[in-house]
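Notes follow the structure.
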Amino acid sequence: ASASNGAAGGSEDEGSFGAAAEAMRPEFTAFLRKWEFRALESDKEAATLKAQNVPLLVRKMIKRITPRRQFVLDEGGSLVMRVKAVSGGWNEFLCVDGWSTHSTLFGYAASSSMSWKEGVIQTVNTVAGDGKTPPRVTTSLHYVDDNGELVNESIYNGISAKTWFTAVA
């Protein structure tokens, strides 16, 4: 597996968006493209971040990032999800059951684990507590809806916030 274990990596031009996907894993076809931000349930996102005790400065920084996604195949034919990072680079996640990564985000230890079921990519993200607060677990679902848009649904403590993306030619 060539995903970079969550490290900002991969350029926009690496990986395959193309025809080999259909022959290898037809369920990946809908994902294999670049996706640009269209809309966000911003009130729900703000509530989710606040409920997680994300500091105000970090919440403001997150709001300044335009969400983007890319899905490509690695050289082994596995689906790789690229997420635009705060740093300006890309974080890469291998969409294979059981794949996980560990990193540090704003001084907090974080881990993500992936699974794939019936056309939905599920990422369980855990951010370690700071000794005063318990770890925070957010589930992120990525799927292509009936309108052909990519949906990222983030769920924390019963609050769900959706972000929609449109495909880029």
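If you're wondering where the values come from, they're calculated on a predicted model, not measured in any experiment.
- Checking each of Val137, Thr138, Leu141 against Ile155 for a side chain to side chain contact (heavy atoms under 4.5 Å, CB included) leaves exactly one that passes, namely Leu141.
- For the pair Asn147 (side chain) and Glu149 (backbone), a donor-acceptor distance under 3.5 Å is absent.
- Closest non-hydrogen pair, Phe28 versus Trp116, comes out as CD2-CH2, 3.7 Å.
- Of the options His142, Arg82, Lys84, a side chain to side chain contact (heavy atoms under 4.5 Å, CB included) to Arg69 is made by His142 and by none of the others.
- Note: Glu27 CD to Ile121 CD1 = 10.5 Å, rounded to the nearest 0.5 Å.
- Annotation: side-chain contact (heavy atoms from CB on, under 4.5 Å) contacts of Ala30 (sequence neighbours excluded): Val144.
- Atom OG of Ser103 sits about 7.0 Å away from atom CG of Asn91, to the nearest 0.5 Å.
- The distance from atom CG of Asn157 to atom OG1 of Thr139, rounded to the nearest 0.5 Å, is 11.0 Å.
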**Q.** Candidate pair Leu32 and Leu79, rule side-chain contact (heavy atoms from CB on, under 4.5 Å), full reasoning
**A.** CA-CA 8 Å; Leu32 288 171; Leu79 188 66; 3.6 Å; yes
Q. Can Val83 and Asn152 be said to form a side-chain contact (heavy atoms from CB on, under 4.5 Å), step by step?
A. CA-CA 11 Å; Val83 177; Asn152 174 205; over 6 Å; no
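- Put simply, the residue from Phe71, Trp164, Phe37 that forms a side chain to side chain contact (heavy atoms under 4.5 Å, CB included) with Leu150 is Phe71.
- Residues Phe31 and Met81 form no side-chain contact, since every pair of their non-hydrogen atoms from C-beta on lies 4.5 Å or further apart.
- The two residues Met114 and Cys95 have their closest heavy-atom pair at CE-SG, 4.0 Å.
- Heavy-atom minimum distance, Glu92 versus Trp99: O-CH2, 3.6 Å.
- Distance check, rounded to the nearest 0.5 Å: CD of Gln70 to NZ of Lys34 gives 5.5 Å.
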